[in-house]
Amino acid sequence: MEGRAIVREANADEYKSDTSFAHHMGAESHSPPIYGKDLDKDLVFKSQTTPRGNSSYEHPDHNYEKSEEHGLHQWGMSIDLNQCTGCSACVVACQSENNIPVVGKDQVLRGREMHWIRLDRYFSSTQRDGAELPSDVQVSFQGVACMHCETAPCETVCPVNATVHDEEGLNAMAYNRCVGTRYCANNCPYKVRRFNFFDWNKRKTDEVYKGPLGEENDPVSAMGKNPDVTVRMRGVMEKCTYCTQRIQESKIRSKVKAQRSKTLDTGKDGKDLVLDRSELKVADGGIQTACQQVCPTDAIVFGDISDPESEVSKLKTNPRDYSVLGYLSTRPRTTFLAKVRNPNPHMPDHAVSPHSAREYHDKAHPSHHDEGHSSQH
Amino acid sequence: MEIKYGISATFNSAKDIYVAAGKIREEGYQNWECYTPIPVHGLDAQMGVGRSKVPCFTLLGGVTGFFTGMLLVWFMNAFDYPLIVGGKPYFSPIYPFPVFYELTILFAAFGTLFGMFFLNRLPQHNHAVFEHPKFGKTGDDKFMVVIEIEDSKFDDQATPAFLKDLGGKSVTVIRESID
Amino acid sequence: MATLSNTDSTEDRPAILDKVNPAPWNEPPLVLNNRSFNWVTEKICGIVEGKTPTWWWWCFITAMIIASFTGMGLIYLVSTGVGVWGNNNPVNWGWAIVNFVFWIGIGHAGTLISAILCLLKQKWRTSINRGSEAMTVFAVMCAGIFPLFHVGRVWFAWWLFPLPNANAIWPNFRSPLEWDVFAVSTYFTVSILFWYMGMIPDLAVLRDRAKETWRKYFYGFLAMGWRNANNHWRNFEMAYLLLAGLSTPLVLSVHTIVSFDFAVANLPGWHTTIFPPYFVAGAIFSGFGMVLTLLLPLRAVFGLHDLITQTHIDNMCKITLATGSMVGYAYSMEFFIAWYGANSYEGFAFINRAFGNYWWSYWIMVSCNVICPQLFWFKKIRENTPLVWVISIFVNVGMWFERFVIANTTLSRDFLPSSWGYYSPTVVDIFTFFGTFGFFSILFLLFLRFLPLMPLAEVKSVMPQADPHGGKHS
């Protein structure tokens with residue numbers, strides 16, 4: 001991890017003495033607070049208004065004039081690194097749910113894999129310099145998908161407004177508007193955006209370099225695609241959408257159900273039927289993203305963070321909760337719960353802190369190194 | 001059919017035409033022109049003409065460009081289809097800076113060039129002075145003065161003599177055809 | 001009075017000169033060997049009017065062949081997809097944006113020579129400004145190829161312009177790429193206008209000298225009926241000065257906006273306020289390198305030693321040295337701030353540039369940009385024309401590598417190490433880029449053949465015969 005606080009870990013003893021150890025790591029732990037004067041506001045307020053803190057300009061409100069049920073929910077996600085076993089089921093589920101193309105070995109070697117969620121895997125050890133494989137390796141997993149940042153850096157730089165923010169907090173990607181400048185992918189600090197370098201959906205995998213002369217894909221394989229999700233052509237950027245098709249489906253079903261029951265209750269119909277905002281809200285747990293649905297340990301939780309009773313809101317108030325690269329003030333809606341290891345103190349490779357935490361502290365506080373501090377400072 | 005347009009006299013150096021121009025103006029001629037291969041410094045004052053009016057067009061163009069830029073950005077990003085982009089304000093005077101700055105310069109440049117054409121009455125591919133057999137030398141190394149027939153002080157004998165006195169060589173009558 | 005005529009006159013002699021006797025300063029003549037106006041006209045027009053030299057045909061054919069590489073590369077690119085280049089995650093912009101900034105930067109020297117040196121009353125600019133303005137126009141055309149074609153869906157690239165479209169979405173004016181659209185279009189248009197306007201009197205000269213009918217019509221049409229009248233010159237001089245005054249902030253802003261492509265992003269190594277002045281200085285540096293590369297062989301081939309004198313070459317070398325030193329200073333400042341700012345990502349980015357996966361490109365850049373131009377301190381080197389030409393080529397190589405280092409090393413290793421990756425250009429990348437040199441050469445050769453290489457009126461204006469007060473130059 002190059003000494004960066006990307007996956008934040010501590011051992012059980014350290015966690016006992018300081019439950020919010022995750023907040024003491026990373027550049028934002030020693031920089032001015034991102035939220036400034038709005039630091040102590042609650043999550044509901046923060047999600048609905050995106051306060052600027054000490055910045056000199058205000059976030060435009062989430063209510064687009066022409067949208068009626070604006071900002072009904074504010075979607076967010078929490079991924080618990082403690083639960084994550086690195087099984088990659090989320091990767092496979094996302095691929096089949098969202099029609100992510102298979103690019104083939106050659107393209108993967110060139111770095112063009114298309115997966116919207118990926119499992120980052122970092123190795124750390126104390127024996128860094130030798131040519132041999134170290135014997136005390138620790139692995140840290142992290143599932144990274146689009147963070148749906150409230151102040152997304154990708155949106156600002158798209159020249160054609162192909163990626164904008166919707167009123168429920170999703171970073172929306174309009175495939176038909178995307179021209180393919182790829183500036184958004186450059187500006188995304190998490191590098192979750194994937195570009196269709198070739199017509200992977202249209203051409204056979206090993207024929208992509210032949211362009212229009214290449215053989216097209218067997219039409220039978222098209223039947224395996226999810227009809228609820230667009231298939232993207234080449235030259236278009238794509239990324240995790242918080243399974244927006246599932247969100248929309250649930251919202252529509254909730255609305256239809258609410259309309260039907262209200263009609264039955266009041267006898268009104270059509271234009272006379274007025275629904276309350278609370279009646280339109282989707283119940284917590286009603287929407288599961290594909291990755292959440294398939295995760296065997298329920299590490300991924302998705303829901304409405306403007307509802308303080310939802311499971312995801314409660315997880316976000318956990319002291320282990322942190323944002324990756326939070327100091328950039330991207331305000332990601334997907335936050336992580338830091339990992340707590342509990343190694344057996346009698347094992348020969350026991351260390352006082354996880355290797356990645358020690359690496360981070362060595363790099364961030366080099367002067368503290370000789371004082372015998374382990375992870376706290 | 002050909003009619004007389006004017007009398008021309010050629011000078012060999014910038015200094016000669018500079019001196020001559022002053023004398024021609026003092027003599028009271030109004031409709032005359034100097035044709036030179038280079039812009040001669042000070043000749044404007046000797047001919048009694050003031051500053052060029054091109055800057056007016058430049059200013060007009062620049063102001064148009066500025067307001068066009070601001071209006072374009074405000075209309076498109078704040079009024080017609082406002083979109084939340086990275087949490088940035090819909091409109092602020094800061095981020096359109098490159099747009100309005102470049103449009104200011106672009107429209108000012110158009111104003112300058114087309115103002116220059118307008119004030120010079122260009123394009124004008126035909127003019128009497130092109131009938132002078134050695135007109136091409138004014139682009140090379142000769143400086144020419146032409147006094148038009150229409151000038152009130154023009155006299156068929158006195159004017160050519162006057163030009164010869166000033167040092168003008170090859171005093172010629174320029175004729176233009178008006179068919 | 002606008003630009004170039006000698007302004008001193010013996011009448012307004014300051015009184016101090018009666019008391020003091022300053023040492024005579026012999027300003028070097030800008031046209032050697034006491035040439036006449038006629039000689040200048042014959043020399044420059046002769047190039048256009050004479051028979052096409054054989055070497056021109058050989059160069060033209062070679063340039064066509066090389067330019068065809070770009071054509072083929074672009075056809076393959078648009079029909080098959082951006083994947084034929086080496087781009088990947090995370091290096092989504094590979095050579096394409098490097099080439100774009102490279103060519104735009106080269107163009108800036110032409111505008112500097114035309115506009116900024118004009119405002120600074122540097123008379124020596126007159127024999128080189130037409131050629132460098134032409135270089136600017138052609139360089140911007142080469143540059144424009146890349147942002148247009150590097151997009152994934154080139155047929156929709158027109159959406160970057162604020163035109164009504166079926167999506168009913170307008171462009172995002174907060175994006176630096178959108179600013180680029182305005183900046184580069186404006187720069188191209190204003191450069192062409194300035195170049196063309198300056199050429200009108202010379203086109204009139206060619207029109208008047210023309211023997212063949214096609215020349216009479218061609219130059220006649222372009223010359224707009226220019227008559228060399230004093231009234232014409234009056235407005236022309238004012239317009240020239242105004243366009244110079246407009247082009248100066250334009251050239252500074254255009255490369256600033258191009259630098260915003262990087263500076264507005266949040267990546268370590270890109271997100272820094274030094275970029276605008278650093279890029280502008282670098283652009284002028286690379287542009288002067290290209291001006292030297294083009295004009296020194298032309299001077300030899302066409303025998304222009306009396307018009308492009310050692311003074312001119314000296315001055316161009318000195319400007320190259322000055323801007324190269326600014327670029328070197330900027331490099332050291334970036335390092336200093338990366339260390340001083342204590343942002344660990346920024347610090348890493350700079351260590352990585354020098355010692356990481358692209359270390360070789362960094363050291364090529366430093367040796368070509370910082371070390372090579374320092375040779376211009378020495379007069380012996382400035383007077384050795386072939387050596388100056390070789391150094392100018394190194395300057396351009398170094399500046400290309402600078403943009404490569406900035407763009408690709410930062411993209412290759414940014415925030416999350418899991419996303420780090422290496423970028424290698426493919427054959428298509430390489431051929432497309434080198435083909436643009438062929439395209440540039442085609443345009444420049446056509447310029448040499450059909451348009452006047454130097455502004456006749458401006459060159460004549462800096463000769464002693466142009467002074468209406470008799471002049472005190474020897």
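Note on naming: letters A, B, ... go to the chains in the order of the sequence lines (proteins, then strands), and numbering restarts at 1 for each one. Just so it is clear, the structure is predicted and the values come from calculations on it, not from any experiment.
In this structure, A:Y327 and C:F415 have perpendicular ring planes: the angle between them is above 60°, well past the 30° mark.
For A:Y122 and C:S418, the side-chain atoms include at least one donor-acceptor pair closer than 3.5 Å. If you check the side chains of A:R110 and C:S424, you find no donor sitting under 3.5 Å from an acceptor.
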Chi angles and distances behind the side chain to side chain contact (heavy atoms under 4.5 Å, CB included) call for A:N187, C:N266: CA-CA 6 Å; A:N187 215 21; C:N266 56 16; 3.1 Å; yes
C:D414 vs A:N186, side chain to side chain contact (heavy atoms under 4.5 Å, CB included): CA-CA, chis, key distance, verdict: CA-CA 10 Å; C:D414 63 341; A:N186 285 340; over 6 Å; no
Pair C:Y345-A:L328, side chain to side chain contact (heavy atoms under 4.5 Å, CB included): steps then yes or no: CA-CA 11 Å; C:Y345 297 100; A:L328 289 172; over 6 Å; no
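The part of A:V208 that comes within reach of chain C is its backbone (N, CA, C, O), which places non-hydrogen atoms under 4.5 angstrom from that chain. For A:Q142, no part lies near chain C; criterion is any non-hydrogen pair under 4.5 Å. If you measure heavy-atom distances from C:F149 to chain A, you find no contacts under 4.5 Å at all. Contact annotation for A:R121: neither backbone nor side-chain heavy atoms come within less than 4.5 Å of a heavy atom of chain C. Residue C:L77 touches chain A through its backbone alone, counting heavy-atom pairs closer than 4.5 Å. Only the backbone of C:V78 comes within contact range of chain A, with heavy atoms under 4.5 Å apart. Only the side chain of C:W420 comes within contact range of chain A, with heavy atoms under 4.5 Å apart. Of the two parts of A:Q107, neither the backbone nor the side chain holds a non-hydrogen atom closer than 4.5 Å to a non-hydrogen atom of chain C. Only the side chain of C:N167 has a heavy atom closer than 4.5 Å to any heavy atom of chain A.
The two residues C:I169 and A:R177 have their closest heavy-atom pair at O-NH2, 3.4 Å. Considering all non-hydrogen atoms of both residues, A:P212 and C:T80 come closest at CD-OG1, 4.2 Å. Annotation for A:K191 and C:S419: closest pair CB-OG, 3.4 Å, computed over non-hydrogen atoms. When all heavy atoms are compared, the tightest approach of A:R4 to C:L416 is NH1-N, 4.5 Å.
Per-residue counts of heavy-atom pairs under 4.5 Å with chain C were compared for A:D120, A:D199, A:V324; the largest is that of A:D120. Across A:V157, A:T156, A:V179, the residue that shares the most heavy-atom pairs under 4.5 angstrom with chain C is A:V179. Between chain A and the residues C:Y422, C:W155, C:F173, the most heavy-atom pairs under 4.5 angstrom are made by C:W155. Ranked by heavy-atom pairs shorter than 4.5 Å toward chain A, the options C:D261, C:V264, C:T410, C:V154 are led by C:D261. With respect to chain A, the highest number of heavy-atom pairs below 4.5 Å among C:G86, C:S79, C:P268 belongs to C:S79. For the options C:G152, C:G421, C:P90, heavy-atom pairs under 4.5 Å to chain A are most numerous at C:G152. Interface check for chain C: of the options A:L325, A:L213, A:V236, the most heavy-atom pairs under 4.5 Å are formed by A:L325. Among the candidates C:N165, C:L267, C:N88, C:D180, the residue making the largest number of heavy-atom pairs closer than 4.5 Å to chain A is C:N88. Heavy-atom pairs under 4.5 Å with chain A were tallied for C:S175, C:A96, C:G81, C:A157; the largest tally goes to C:S175. The choice from A:C178, A:A27, A:A174, A:P153 that makes the most heavy-atom pairs within less than 4.5 Å of chain C is A:C178. The residue among A:R203, A:E113, A:M1, A:R194 with the most heavy atom pairs within less than 4.5 Å of chain C is A:R194.
The structure places NZ of A:K363 at 7.0 Å from CZ of C:F348, a figure rounded to the nearest 0.5 Å. Of the inter-residue distances, the one linking C:R413 atom CZ with A:E2 atom CD reads 7.0 Å to the nearest 0.5 angstrom. With rounding to the nearest 0.5 angstrom, the CG atom of C:N89 is 10.0 Å from the CZ atom of A:F195. Atom-to-atom distance recorded for A:C158:SG and C:E178:CD is 9.5 Å, nearest 0.5 angstrom. The CG atom of A:N176 sits 7.0 Å away from the CZ atom of C:R153 when rounded to the nearest 0.5 Å.
Within 6.0 Å of the CH2 atom in C:W339, the count of heavy atoms belonging to other residues, nucleotides or ligands does not exceed 12. More than 12 heavy atoms of other residues, nucleotides or ligands lie within 6.0 Å of OH in C:Y76, so this atom counts as buried by the packing criterion. Within a 6.0 Å radius of OH in A:Y175, more than 12 heavy atoms belonging to other residues, nucleotides or ligands are found.
Put simply, the residue from C:N92, C:I97, C:V151 that forms a side-chain contact (heavy atoms from CB on, under 4.5 Å) with A:R182 is C:N92. Checking each of C:F161, C:F156, C:W159 against A:V160 for a side-chain contact (heavy atoms from CB on, under 4.5 Å) leaves exactly one that passes, namely C:W159.
Residues A:Y183 and C:P176 meet the side-chain proximity criterion, which asks for heavy atoms closer than 4.5 Å. At a threshold of 4.5 Å between non-hydrogen side-chain atoms, the residues C:N172 and A:P159 do not count as touching. For the pair C:V84 and A:F198, the minimum side-chain heavy-atom distance is below 4.5 Å.
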